[in-house]
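Everything numeric here is computed off the predicted structure, so don't read it as measured data. Lettering follows sequence order; numbering is per chain, from 1.
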2 protein chains.
Amino acid sequence: MHQLPTERVFCRRTSTFEENASLMNVTIKDIAKMANVSYASVSRALNGKEGVSQATKTRILAIAQEMNYQPNEIARGLVKKQTLTLGLIIPDITNPFYPFLARGAEERANQAGYNLFLCNTNYQIENEIKYIQILIEKRVDGLIISPSSSQTERLEEKVRNALPIVYVSNAPQQTQNGFVVSNNTYGGFIATKHLIESGYDPIGFIGGFQGAGMVEDRLQGFRDAHRAYGMEVREDFVYLKDYHQETAYHLIQEMIRSRQIPKAIVAGNDILALGIMEGAKNLGFSIPADLAVVGFDDIPLASMEEIQLTTVKQPQYEMGSMSVDILVRLLENPADLKTKKVILDPQLIVRKTA
Amino acid sequence: MHQLPTERVFCRRTSTFEENASLMNVTIKDIAKMANVSYASVSRALNGKEGVSQATKTRILAIAQEMNYQPNEIARGLVKKQTLTLGLIIPDITNPFYPFLARGAEERANQAGYNLFLCNTNYQIENEIKYIQILIEKRVDGLIISPSSSQTERLEEKVRNALPIVYVSNAPQQTQNGFVVSNNTYGGFIATKHLIESGYDPIGFIGGFQGAGMVEDRLQGFRDAHRAYGMEVREDFVYLKDYHQETAYHLIQEMIRSRQIPKAIVAGNDILALGIMEGAKNLGFSIPADLAVVGFDDIPLASMEEIQLTTVKQPQYEMGSMSVDILVRLLENPADLKTKKVILDPQLIVRKTA
DNA sequence: GTGAAAGCGCTAACAG
DNA sequence: CTGTTAGCGCTTTCAC
């Protein structure tokens with residue numbers, strides 16, 4: 001505390017530009033004054049535009065540097081009517097499905113010069129609407145949203161005429177907007193096909209929230225596969241509840257106790273698959289000998305040595321990056337309506353549970 | 001495509017306010033014109049400020065509603081010199097440690113009326129600097145950063161005089177800035193203490209990146225525990241490499257093959273612990289009988305039925321929310337320097353691997 | 001209670 | 001090549 005600041009004084013530069021200037025934000029006006037030019041010229045120099053001689057440009061840039069000038073994107077945004085900012089609205093970043101999606105989105109946004117607001121809605125449509133409102137007021141240039149349900153009328157109404165949006169991972173049936181989703185019907189199909197071809201019969205289905213669209217599609221694929229192989233769907237083995245691991249855990253145990261149990265199960269996602277596996281194992285079942293399980297998503301857990309879950313992998317990172325891609329393209333060329341909707345094929349990863 | 005839009009026409013309102021107005025953004029000037037008042041009055045009404053009669057206020061609000069007015073936070077920010085926006089700079093959201101931290105930060109920010117830019121740096125200091133620059137230009141009100149190393153001089157220099165920052169999860173030794181970290185020394189201590197008291201001897205340590213500060217502190221706790229129990233640290237069992245699961249996997253297998261192996265290991269984080277467990281198991285070791293393992297973090301994986309990892313839990317969510325808390329408090333009262341630095345005690349979760 | 005006017009920091013015509 | 005000027009949409013004095 002009482003130490004003399006010898007060194008600092010010693011090192012102080014003769015020019016006091018930097019120290020003073022950086023205390024309060026320096027603007028192009030300050031630079032203009034310093035350089036004896038109009039601030040239009042400063043703007044031109046700073047933005048590398050035509051209309052300044054190389055000489056003055058160099059001088060201006062040097063002064064800007066010296067004064068530690070930081071351009072104000074807010075002010076620029078006000079006149080250019082763009083913020084170089086996007087909103088990413090997802091249900092919950094702690095759900096292992098989303099971090100990769102978010103990463104893909106952020107990385108692509110960054111490449112294109114945009115930043116991303118992260119918004120978690122906790123699967124509440126009210127929060128989705130609240131966030132959309134906030135982001136409109138912040139004048140984000142566009143929105144990526146992974147809606148928690150396929151009831152998106154209220155979202156679309158809110159967003160209409162305000163800003164472009166693209167859906168990711170989940171999209172309403174008949175939207176005008178762009179989207180990137182995975183082919184859930186196909187995913188359900190290949191999961192079921194694999195089980196059928198491996199000789200499992202009958203096969204059950206344990207899925208999550210109805211109304212989001214995804215489960216319904218996966219179940220459709222499940223039915224399609226049965227039909228393709230001339231098999232009847234055992235409706236008493238089809239359950240749609242929620243995405244909690246415990247739900248699946250108890251459900252499977254109930255099934256086992258009542259001795260009404262299929263030889264294999266297609267789970268709505270990996271979390272449910274894990275619940276099923278644990279519930280069955282704890283009742284002495286062996287996986288896949290007594291019960292085969294296929295999950296959905298391929299979260300990092302699935303590939304763990306101890307788990308080795310056979311699952312339908314969704315390209316999460318790509319979904320994130322492609323959705324931003326579509327949005328940015330739309331922003332840069334509003335007329336370009338092609339490649340607006342993409343459906344990515346998921347991929348069956350065969351490990352040891354089926 | 002060729003369907004006549006009968007219904008839509010039928011439903012169209014006689015007033016065309018909304019349709020027209022929402023096409024291009026309506027401003028307070030538009031409202032003012034509509035209401036026959038100055039736009040100062042509109043501003044006052046909209047912000048619930050003194051200086052408008054209840055009557056005109058009501059009228060203005062009604063018109064604003066009718067015209068579907070959306071306040072422009074950018075313009076407001078320009079004059080108020082605040083954006084109600086914070087930056088969250090972390091290494092990698094796909095590292096399971098961060099989603100909870102991000103969630104805590106986002107939720108608290110949201111409560112305080114702020115939004116959060118999500119920035120992943122991939123553990124690159126250059127990216128940290130690049131992002132700080134961008135966020136300064138976007139005039140975020142403050143910054144939360146989880147630096148990838150304790151070499152933060154360049155960060156601090158960049159940030160100086162520009163905006164307040166608080167560190168989270170990792171902070172340089174001698175910073176003037178606020179931070180929220182966990183007591184890593186204590187964490188290393190209780191992990192080691194538990195192993196010692198359970199009779200394991202000798203005990204090894206496998207940690208990650210040096211230079212970030214965290215590993216060093218955990219190792220310090222490891223040493224402290226040995227000293228407290230009058231035990232020698234077996235330096236040949238102390239390894240500091242990186243945070244890749246494979247690294248730990250191969251390291252432990254090498255140790256086993258060379259028959260130089262401790263009875264227990266404190267791992268730098270849960271990922272490493274998992275690598276150790278798998279490496280050992282695959283060589284026929286039984287956990288914890290042949291080798292006990294304690295992890296660090298308590299990522300969701302750790303509590304899985306199949307894993308049951310004994311670990312030192314860090315309060316990730318709280319770290320996120322508290323760091324925003326400190327930052328917001330600082331923003332709202334720049335003079336308030338108390339409660340700026342918090343060190344949270346981690347907690348030993350005893351499961352089945354030690 | 002209300003309006004006029006200045007200005008936040010910047011870009012973009014439009015003149016010279 | 002350079003300067004002047006008019007905004008972007010809003011808040012905030014300062015008069016009336």
Side-chain angles (χ1 to χ4, degrees), chain A residues 21-61 63-64 67-85 136-141 162-163, chain B residues 21-61 63-64 67-85 136-141 162-163:
Chain A
S22 59
L23 286 181
M24 44 185 40
N25 278 312
V26 2
T27 72
I28 55 172
K29 284 191 182 177
D30 301 324
I31 299 176
K33 211 170 295 170
M34 212 67 226
N36 275 318
V37 293
S38 72
Y39 60 92
S41 294
V42 177
S43 172
R44 285 191 272 255
L46 254 21
N47 293 299
K49 294 209 169 167
E50 303 273 271
V52 243
S53 67
Q54 188 54 49
T56 55
K57 180 174 173 178
T58 315
R59 190 159 49 93
I60 289 171
L61 259 29
I63 292 178
M67 297 179 83
N68 190 28
Y69 168 74
Q70 309 284 12
N72 185 331
E73 270 299 334
I74 297 298
R76 175 178 288 168
L78 186 59
V79 14
K80 309 243 298 195
K81 290 178 182 307
Q82 76 168 14
T83 52
L84 293 177
T85 293
I136 287 178
E137 296 183 0
K138 292 230 162 132
R139 294 297 190 269
V140 296
D141 295 332
L163 80 179
Chain B
S22 58
L23 286 181
M24 44 185 41
N25 277 313
V26 0
T27 72
I28 56 172
K29 284 191 181 178
D30 301 324
I31 300 176
K33 211 170 294 171
M34 211 70 226
N36 275 317
V37 294
S38 73
Y39 60 91
S41 294
V42 176
S43 172
R44 284 190 272 256
L46 254 22
N47 293 301
K49 294 210 167 165
E50 303 273 270
V52 242
S53 67
Q54 187 55 48
T56 55
K57 178 174 174 178
T58 315
R59 191 159 49 93
I60 289 171
L61 260 27
I63 293 177
M67 297 179 83
N68 190 29
Y69 169 74
Q70 309 283 10
N72 185 331
E73 271 298 336
I74 297 297
R76 176 177 289 166
L78 186 59
V79 14
K80 310 239 305 192
K81 290 176 183 307
Q82 76 167 17
T83 52
L84 293 176
T85 293
I136 287 178
E137 295 184 2
K138 291 231 161 129
R139 295 296 190 268
V140 296
D141 295 332
L163 79 181

Quiz item: Can you tell if the side chain of B:Val37 reaches within under 4.5 Å of the side chain of B:Ile60, non-hydrogen atoms only?
Solution: yes
Quiz item: Which heavy atom of B:Val26 sits nearest a heavy atom of B:Met67, and at what distance?
Solution: CG1-O, 3.2 Å
Exercise. Starting at atom CZ of A:Arg59, determine the distance to atom C1' of D:dT2, rounded to an integer number of angstrom.
Key: 12 Å
Close N/O contacts between protein and nucleotides 3-7 of chain D (under 3.5 Å):
residue, atom, partner, partner atom, Å
D:dG3, OP2, A:Ser38, N, 2.9
D:dG3, OP2, A:Ser38, OG, 3.4
D:dG3, OP2, A:Ser41, OG, 3.1
D:dG3, N7, A:Arg44, NH2, 2.7
D:dG3, O6, A:Arg44, NH1, 3.1
D:dG3, O6, A:Arg44, NH2, 3.4

Practice problem: May I have the distance from A:Leu78 (atom CG) to D:dG9 (atom P), rounded to whole angstrom? | Solution: 7 Å
Practice problem: Give the rounded distance in Å between these two atoms: CD of B:Glu73 and P of D:dC10. | Solution: 10 Å
Self-check item: Gap between atom OG1 of A:Thr56 and atom CZ of A:Arg44 - 0.5 Å precision
Solution: 9.5 Å
Quiz item: Nearest-Å distance, NZ (B:Lys80) to P (D:dC10)?
Solution: 13 Å
Quiz item: Minimum heavy-atom separation for A:Val52 to A:Ala45, with atom names?
Solution: CG2-N, 4.0 Å
Exercise. Work out which heavy atom in A:Leu46 is nearest to a heavy atom in A:Tyr69; give both atom names and the distance.
Key: CD2-CE2, 3.5 Å
Exercise. Return the value, rounded to whole Å, for the distance between atom CG of B:Asn47 and atom P of D:dT13.
Key: 13 Å
Exercise. Extract, from 5' to 3' on DNA chain C, the first and final nucleotides lying under 4.0 angstrom from some heavy atom of chain A.
Key: C:dG9 to C:dA13
Quiz item: What pair of heavy atoms forms the shortest contact from A:Leu78 to B:Ala75, and how long is it?
Solution: CD1-CB, 3.7 Å
Quiz prompt | A:Lys138 and A:Thr83, any side-chain heavy atoms less than 4.5 Å apart | solution = no
Quiz item: Just how far, in rounded Å, is P of D:dC1 from CD1 of A:Ile60?
Solution: 13 Å
Quiz item: Whole Å only: how far is the CG atom of B:Asn25 from the C1' atom of D:dG9?
Solution: 10 Å
Practice problem: Please report how far the helix from C:dG1-D:dC16 to C:dG16-D:dC1 bends, comparing the axis fitted to its first five pairs with the axis fitted to its last five, to the nearest 10 degrees. | Solution: 50°
Self-check item: Separation between CD1 of B:Ile74 and CZ of A:Arg76, rounded to the nearest 0.5 Å
Solution: 13.5 Å
Exercise. Let me know, please, whether A:Leu46 or B:Lys57 comes out on the 5' side of the other along DNA chain C by nearest nucleotide.
Key: B:Lys57
Quiz item: What's the CD1-P distance between A:Ile136 and D:dG9, to the nearest Å?
Solution: 16 Å
Quiz item: To the nearest 0.5 Å, how far apart are CG in A:Asn25 and CG in A:Asn68?
Solution: 9.0 Å
Quiz item: Rounded to the nearest 0.5 Å, what separation is found between the CG atom of A:Leu163 and the CG atom of A:Asp141?
Solution: 8.5 Å
Quiz item: Hey, what do you get for CD1 (B:Ile31) to CG (B:Asn36), rounding to the nearest 0.5 Å?
Solution: 13.5 Å
